[in-house]
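Please read the structure below before turning to the comments.
Every heavy atom of this structure was used, including side-chain atoms; hydrogens, water molecules and symmetry mates were not. Just so you know, residue 1 is the first one in the sequence shown, and it goes up from there.
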Amino acid sequence: MSEFLLLGLSQELEVQPLIYVIFLSMYLTTILGNLLIILAASSDSRLHTPMYFFLCNLSLVDICFTSTIVPKMLQNILLQRKDISYEGCIAQIFFSNLFGSLDDFLLTVMAYDRFVAICHPLHYTVIMNPRLCGLLLLGCWLLGILNSSMEVSVSLRLSFCPKVEIPHFFCELNQLIKLACSDTFLNNLVMYCAIILLGGGPLLGIIYSYSKIISSIRGVASTQGRYKAFSTCASHLSMVSLFYVTSMGVYLSSAVSERAYPSAVASVLYTVVTSMLNPFIYSLRNKDIKRALKTFFCAGNRKMVNCPPPKNFLGSKL
């Protein structure tokens with residue numbers, strides 16, 4: 001087997017330019033939005049906290065996730081080609097699974113961070129110390145690499161017919177297994193075990209964390225205190241909901257419908273739209289991110305025009 005054919009989202013040539021423009025716009029928005037989150041959190045010392053440390057890593061993973069999938073799709077549309085090499089397909093499966101699972105693990109770690117911040121505020125800095133944050137991040141990467149390596153290793157044993165057309169815009173593991181000519185029992189077993197353990201396990205962890213958070217918030221006496229505690233979790237809850245709704249949509253649409261088109265449309269939401277919306281969700285409701293971005297751009301503008309820093313009402317420089 002030397003190559004596969006990616007059929008994409010549509011076979012109609014008239015639609016290809018529109019698909020190219022839409023995906024290019026979403027890809028550039030994803031890169032720019034997540035880079036701004038990273039720049040804002042790294043440039044402001046007040047955001048050097050565990051929550052923003054994990055958020056920066058989530059933004060980096062989202063950039064890598066979409067970069068694994070979208071550029072090849074855009075190249076095929078631009079050059080009016082459909083082929084992807086066997087090695088390229090396997091690499092795309094490995095990295096898409098890696099970064100997709102990292103998204104899941106990082107959202108779980110961020111839920112634990114919110115649990116400690118709200119339920120154990122006095123011990124937050126002691127529990128969420130830099131060493132623990134580094135170990136949690138390392139654990140996420142090790143689990144993601146182990147999962148991807150295991151699924152790719154069992155995929156390498158599959159044999160295919162001389163010409164294989166994948167009815168998708170990227171090499172998705174589930175679609176590839178369906179097109180194999182050899183026995184796929186082991187592949188399906190590994191894939192569904194990974195979904196249950198590495199998908200259901202983090203989801204249970206998130207549900208448990210938020211059940212404790214809700215119990216703790218209900219014990220707060222003032223309405224303003226409850227609102228302030230819950231507002232710190234609103235952005236993360238939105239990200240979790242978006243991630244799990246779209247990812248579950250991919251597997252449910254694949255299981256319910258024999259056609260590949262519903263699964264491909266659901267995969268667009270899971271792989272591209274989610275990564276694009278995450279920075280908007282976290283920045284629009286987050287005053288700290290807005291302040292850091294404003295400070296970053298204002299400082300950059302002052303350097304460009306070579307202006308002195310502003311003065312306060314006493315006349316001294318800020």
Side-chain angles (χ1 to χ4, degrees), residues 30-31 33-35 37-42 47-71 87-117 127-156 170-174 190-206 208-209 235-236 239-240 242-244 246-247 250 270-272 274-276 278-279 282:
T30 301
I31 299 296
N34 285 286
L35 279 178
I37 292 291
I38 296 173
L39 286 174
S42 59
L47 300 186
H48 293 175
T49 62
M51 181 177 73
Y52 293 105
F53 170 74
F54 294 122
L55 178 61
C56 286
N57 281 277
L58 182 67
S59 296
L60 178 62
V61 167
D62 283 338
I63 291 174
C64 296
F65 191 21
T66 53
S67 298
T68 302
I69 297 169
V70 178
E87 294 80 6
C89 187
I90 294 298
Q92 199 173 64
I93 290 174
F94 176 84
F95 287 108
S96 61
N97 282 347
L98 170 61
F99 296 124
S101 57
L102 276 173
D103 260 340
D104 192 12
F105 300 149
L106 284 171
L107 288 174
T108 307
V109 171
M110 293 171 72
Y112 174 72
D113 173 75
R114 293 297 84 205
F115 159 72
V116 176
I127 297 174
M128 298 301 295
N129 56 75
R131 182 175 180 273
L132 178 62
C133 293
L135 289 175
L136 289 173
L137 181 62
L138 178 62
C140 292
W141 276 95
L142 290 178
L143 284 175
I145 292 173
L146 178 63
N147 172 48
S148 296
S149 300
M150 184 169 57
E151 293 195 358
V152 166
S153 62
V154 295
S155 299
L156 292 174
F170 75 102
C171 285
E172 190 186 45
L173 180 62
N174 189 31
V190 171
M191 182 176 65
Y192 288 112
C193 285
I195 292 173
I196 294 172
L197 295 177
L198 301 181
L203 180 59
L204 290 176
I206 293 173
Y208 175 79
S209 296
S235 299
H236 179 258
M239 292 164 63
V240 169
L242 184 64
F243 177 83
Y244 276 100
T246 53
S247 58
V250 172
Y270 168 62
T271 57
V272 184
T274 301
S275 300
M276 181 184 68
N278 277 349
Y282 231 97

_Atom pair OH (Y208) and OG1 (T108), whose distance is rounded to the nearest 0.5 Å_ = 15.0 Å
*Y112: side chain to side chain donor-acceptor pair (under 3.5 Å) partners, not counting sequence neighbours*: none
*Minimum heavy-atom separation for L47 to A40, with atom names?*
CD1-O, 3.7 Å
*Between V190 and M150, what is the shortest heavy-atom contact and its length?*
CG1-CG, 4.0 Å
*Measure the NE2-CG distance between H236 and L58 for me, rounded to the nearest 0.5 Å.*
8.0 Å
*Kindly indicate, with the supporting measurements, whether the criterion side chain to side chain contact (heavy atoms under 4.5 Å, CB included) is fulfilled by D104 and L198.*
CA-CA 8 Å; D104 192 12; L198 301 181; 5.5 Å; no
*asked:* If I compare all heavy atoms of C171 with all of I93, which pair ends up nearest, and what's the gap?
replied: O-CG1, 3.3 Å
*Could you pull out all residues at least two apart from F54 that satisfy ring pair (Phe, Tyr, Trp, His ring centres under 6.0 Å)?*
none
*Enter the distance from L242:CG to M239:CE here, rounded to the nearest 0.5 Å.*
9.0 Å
*Sort out for me which residue in D103, I37, L102 forms a side chain to side chain contact (heavy atoms under 4.5 Å, CB included) with D62.*
D103
*Would you name the heavy atoms of C133 and P50 that are closest together and state the gap between them?*
SG-CB, 3.7 Å
_Applying side chain to side chain donor-acceptor pair (under 3.5 Å), can you list everything that pairs with E151, at least two apart in sequence or on another chain?_
N97
_Reported OG-to-CZ distance for the pair S67 and F95, which is rounded to 0.5 angstrom_ = 12.0 Å
_My understanding is that only residues two or more places apart in sequence, or in another chain, count here; which of them pass side chain to side chain donor-acceptor pair (under 3.5 Å) with T274?_
T246
_T30: side chain to side chain donor-acceptor pair (under 3.5 Å) partners, not counting sequence neighbours_ = none
Under 3.5 Å, which donor-acceptor pairs do the side chains of residues 134-147 form with other protein atoms, sequence neighbours left out?
none

*Measuring from C64:SG to I69:CD1, what's the distance to the nearest 0.5 Å?*
11.5 Å
*Ignoring hydrogens and angles, tell me if any N or O in the side chain of N129 forms a donor-acceptor pair with the backbone of I127 under 3.5 Å.*
yes
*Please round to the nearest 0.5 Å and tell me the distance separating atom OH of Y244 and atom CD1 of I206.*
4.0 Å
*asked:* The test is side chain to side chain contact (heavy atoms under 4.5 Å, CB included); show your working for S275 and T66 and say whether it passes.
replied: CA-CA 7 Å; S275 300; T66 53; 3.6 Å; yes
_Looking at every non-hydrogen atom in both residues, tell me the closest pair between S42 and H48 and how far apart they are._
O-NE2, 3.1 Å
*At their closest point, which heavy atom of A41 faces which heavy atom of Y52, and how far apart are they?*
CB-CB, 4.2 Å
_Once you measure the plane-to-plane angle for F65 and Y270, does it fall in the parallel (<30°), tilted (30-60°) or perpendicular (>60°) bin?_
perpendicular
